[in-house]
Amino acid sequence: MTQKRISRLPKDPGPSAWNSIIEPETGYDSIVNDIETDWVIVGGGWAGLAAARRLSQLLPKDETITVLEAKRIAEGPAGRNSGFMIDLPHDLNSEAYAGNSDNDLKQIKLNRHAIDFAESAAIEYNMPKAVFSRPGKITAASTAQGVKHIKSYSQHLAEMGESFELKDADSMRGITGSSFYMAGLKTEGGAMVHPAAYIRAFANGLRSRVQIFENSPVLELKTGSSHVLSTPKGKVKARNVILAVNGHIQSFGFFPKRLMHVFTYASMTRKLSSTELQLLGGEPDWSLLPADPMGTTVRKISDYSGSGDRIIVRNLATMNQSLEAPINDMKRAEFMQDRSFKNRFPMLQNVDMEYRWGGRLCLSLNAMPAFGELESRVWSACCQNGLGTVKGTLSGIAAAEQAVLGSSDFLTDFLDHQAPSKLPPEPFLSLGANMMMRWKQWQAGKEL
Ligand SMILES: Cc1cc2nc3c(=O)[nH]c(=O)nc-3n(C[C@H](O)[C@H](O)[C@H](O)COP(=O)(O)OP(=O)(O)OC[C@H]3O[C@@H](n4cnc5c(N)ncnc54)[C@H](O)[C@@H]3O)c2cc1C
């Protein structure tokens with residue numbers, strides 16, 4: 001039996017813009033009394049909700065499932081991201097990607113399993129195309145170096161038997177309205193979500209089977225034959241616990257000195273007017289990943305239930321092992337994002353950003369998840385290495401399957417990974433990582 005006081009609770013800089021532009025929701029109660037449940041999932045993000053859905057598919061109806069979320073659903077990183085569900089390996093420079101390695105093929109298969117799982121939820125929970133769709137993904141290049149990356153990546157895709165389409169500057173302008181891009185690479189298979197609307201609809205779809213409590217942070221975890229989780233106003237007694245708190249698994253005392261906490265930042269414009277939309281041109285909805293991993297992600301969304309047509313830009317990554325982003329990093333992100341926006345959309349010079357925000361990612365040095373049974377009937381589905389829409393979904397499914405089934409074909413593939421490796425000591429880690437990221441951002445040049 002162990003007793004752990006939770007050392008830190010999540011703090012997210014700025015508003016969750018995606019959540020702010022859609023209709024407010026009544027939401028869910030907080031815990032105000034002591035309760036008992038068979039299964040408790042801590043964290044209502046991608047991993048937590050995927051675990052809840054998979055449990056609801058696997059368990060008999062009389063076993064109860066409860067989700068405890070520290071904040072409101074979709075207010076944390078789950079509702080703050082850019083909404084790319086990526087099936088193919090992300091890093092265009094990856095040496096490991098060349099040579100048709102079994103590992104890459106396995107990763108693609110797993111990623112598609114997660115996207116299929118998300119799609120089945122989207123269908124069952126009646127999500128419209130603006131909330132979940134599968135348009136594939138476009139990687140965009142705005143420098144000669146970026147074009148080189150795209151070409152070499154497309155060769156790897158050809159070796160893997162994956163289909164793709166190369167796009168020239170004209171077709172990129174046709175999509176985005178911007179002359180900024182020199183080339184693009186379109187691949188099939190990926191999905192795009194409106195992150196906050198998806199997470200809310202997912203939670204809502206679970207309502208009939210899963211009890212969800214918001215604003216109910218777990219402050220203490222006592223493990224034993226029955227586990228007890230304390231929240232500010234009530235305790236939850238549970239036989240089984242799944243911790244789906246991403247980097248905050250460290251705040252529960254697990255994986256010390258193994259996890260890196262990185263913030264990335266984004267800005268969203270105000271609603272574009274019809275004149276501005278005409279000036280911009282291009283397609284109503286599109287999304288671009290940068291050819292350089294440190295470049296700028298850009299997305300244009302069309303109106304969804306009155307939220308308006310808007311453009312979202314994301315860039316900058318900073319390591320903050322305190323799990324909090326200092327104001328200076330937010331300011332730096334604002335400056336960089338205004339510059340990126342102006343470079344791409346000179347026809348929209350008078351368009352201001354309405355929302356600025358940041359959010360946490362959890363990475364490990366060897367890009368491995370913080371996954372597994374940590375104590376008897378306490379599982380971790382954490383550390384998604386920056387691609388949490390897909391990896392969070394995967395680890396949530398995996399935690400549920402491991403806890404209920406013990407083994408499955410999917411688990412055999414998923415569990416074929418190592419533990420997160422040990423990090424260098426502080427202050428060397430943060431200094432080194434932040435210097436390296438600054439250097440890479442500088443190298444990204446115009447891709448930023
Ligand atoms: C700006 C930005 C853009 C991004 N873009 C993408 C993208 O396009 N594609 C992609 O795949 N990923 C993207 N990401 C990353 C992605 O958002 C995360 O990897 C993902 O949210 C991780 O999912 P998760 O469920 O593991 O964790 P989270 O989404 O962080 O959910 C964990 C939840 O646990 C809760 N929690 C923590 N501690 C406690 C506690 N003590 N008690 C109760 N609850 C607790 C938190 O409040 C949180 O809601 C982006 C992130 C940001 C910030």
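Only a predicted model underlies this, so the values are computations on that prediction, with no experimental measurement involved. Note that ligands are numbered from 1 as they come in the structure, with each ligand's atoms numbered from 1 the same way.
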>> To check your reading of the model: name the closest protein heavy atom to atom 27 (O) of ligand 1, its residue, and the distance in Å.
In response: N246 CB, 3.3 Å
> Any idea which atoms of ligand 1 are less than 4.0 Å away from a heavy-atom of Q384?
Replying inline: 22 (C), 26 (O)
> Among protein heavy atoms, which sits nearest to atom 31 (O) of ligand 1, and what does the distance come to when rounded to 0.1 Å?
Replying inline: G45 CA, 3.6 Å
> For ligand 1, which part of R80 has a heavy atom less than 4.0 Å away: the side chain, the backbone, both, or neither?
Replying inline: backbone
> More than 12 foreign heavy atoms under 6.0 Å from CD of E23: is that the case here?
Replying inline: no
> Do the charged groups of K300 and D285 touch, with an N to O distance under 4.0 Å?
Replying inline: no
>> Tell me the contacting part of T297 for ligand 1: side chain, backbone, both, or neither, using a 4.0 Å heavy-atom threshold, strictly below.
In response: neither
> Quick one: which ligand 1 atoms are inside 4.0 Å of a heavy atom on P217?
Replying inline: 42 (N), 43 (C)
>> Quick test of your reading of the model: are D38 and R239 salt-bridged, counting only N-O distances below 4.0 Å?
In response: yes
> Any idea which part of C382 is under 4.0 Å from ligand 1, heavy-atom wise: side chain, backbone, both or neither?
Replying inline: neither
> Who's the nearest protein heavy-atom neighbour of atom 52 (C) of ligand 1, and how far?
Replying inline: T264 CG2, 3.5 Å
> What protein heavy atom is closest to atom 18 (C) of ligand 1, reported as residue, atom name and distance in Å?
Replying inline: G388 CA, 3.8 Å
>> Taking distance alone, with N or O pairs closer than 3.5 Å, would you say S216 contacts ligand 1?
In response: no
>> Given the ring of F117, does R53 sit roughly above its face, with NZ or CZ under 6.0 Å from the centre of the six-membered ring and within 45° of the axis?
In response: yes
> Counting each atom of ligand 1 from 1 as listed, which ones have a heavy atom of L68 under 4.0 Å away?
Replying inline: 43 (C), 44 (N)
>> Taking the basic N atoms (NZ, or NE/NH1/NH2) and the acidic carboxylate oxygens, is any pair closer than 4.0 Å for D352 and R270?
In response: no
>> If you measure every N or O of W46 against every N or O of ligand 1, does any of those distances drop under 3.5 Å?
In response: yes
> Among protein heavy atoms, which lies nearest atom 11 (O) of ligand 1, and at what distance?
Replying inline: T389 OG1, 2.7 Å
>> Give me the nearest non-hydrogen protein atom to atom 43 (C) of ligand 1 as residue plus atom name, then the distance to 0.1 Å.
In response: A70 N, 3.3 Å
> Salt bridge between K233 and D34, side-chain N to carboxylate O under 4.0 Å?
Replying inline: no
> Nearest heavy atom to atom 16 (C) of ligand 1: which of L289, N385, N315, N81 does it belong to?
Replying inline: N81
> Which of the numbered atoms in ligand 1 are below 4.0 angstrom from a heavy atom of G359?
Replying inline: 53 (C)
> Charged N to carboxylate O under 4.0 angstrom, E165 versus K167?
Replying inline: yes
>> Please tell me whether R438 and Q441 have a donor and an acceptor in their side chains that are separated by less than 3.5 angstrom.
In response: no
> Is there any N or O on G44 that sits under 3.5 Å from an N or O of ligand 1?
Replying inline: no
>> Counting non-hydrogen protein atoms only, what is the nearest one to atom 41 (N) of ligand 1? Give residue, atom name and distance.
In response: V218 O, 3.2 Å
>> Under a 4.0 Å threshold between the charged nitrogen and the carboxylate oxygen, would D413 count as salt-bridged to K109?
In response: yes
> Using a heavy-atom cut-off of under 4.0 Å, does the side chain or the backbone of P10 touch ligand 1, or both, or neither?
Replying inline: side chain
>> Strictly distance-based, threshold 3.5 Å: is any side-chain N or O of R310 a donor or acceptor partner for the main-chain N or O of S307?
In response: yes
> With a cut-off of 4.0 Å, which atoms of ligand 1 are near a heavy atom of A78?
Replying inline: 21 (O), 29 (O)
> In ligand 1, which numbered atoms sit nearer than 4.0 Å to a non-hydrogen atom of L361?
Replying inline: 14 (N), 15 (C), 50 (C), 51 (C)
> Between W18 and Y198, is the ring centre distance below 6.0 Å?
Replying inline: no
>> Taking 4.0 angstrom as the limit and counting only heavy atoms of V245, give me the atoms of ligand 1 inside it, by number and element.
In response: 32 (C), 34 (O), 36 (N), 37 (C), 38 (N), 39 (C), 45 (C)
> Considering only heavy atoms, does F252 approach ligand 1 within less than 4.0 Å through its side chain, its backbone, both, or neither?
Replying inline: side chain
> Between E63 and R209, is there a side-chain N and carboxylate O pair less than 4.0 Å apart?
Replying inline: no
> What part of V42, side chain from CB on, backbone N/CA/C/O, both or neither, has a heavy atom under 4.0 Å from ligand 1?
Replying inline: side chain
> Hey, is R134 close enough to E119 for a salt bridge, meaning N to O under 4.0 Å?
Replying inline: yes
>> Does ligand 1 come near enough to F84 that some N or O of the ligand is less than 3.5 Å from an N or O of the residue?
In response: yes
>> Give me the residue, atom name and distance of the protein heavy atom closest to atom 47 (O) of ligand 1.
In response: E69 OE2, 2.6 Å
>> Check this for me, if you would: do K137 and D87 make a salt bridge, where the nitrogen-to-carboxylate-oxygen distance has to be below 4.0 angstrom?
In response: no
> Between E69 and R200, is the closest basic N to carboxylate O distance under 4.0 Å?
Replying inline: no
>> Can you name the atoms of ligand 1, numbered from 1 with element, that are less than 4.0 Å from a heavy atom of P77?
In response: 17 (O), 21 (O), 29 (O), 30 (O)
> So which bit of L9 gets within less than 4.0 Å of ligand 1, heavy atoms only: side chain, backbone, both or neither?
Replying inline: side chain
> For S216 and T231, does a side-chain donor sit closer than 3.5 Å to a side-chain acceptor?
Replying inline: no
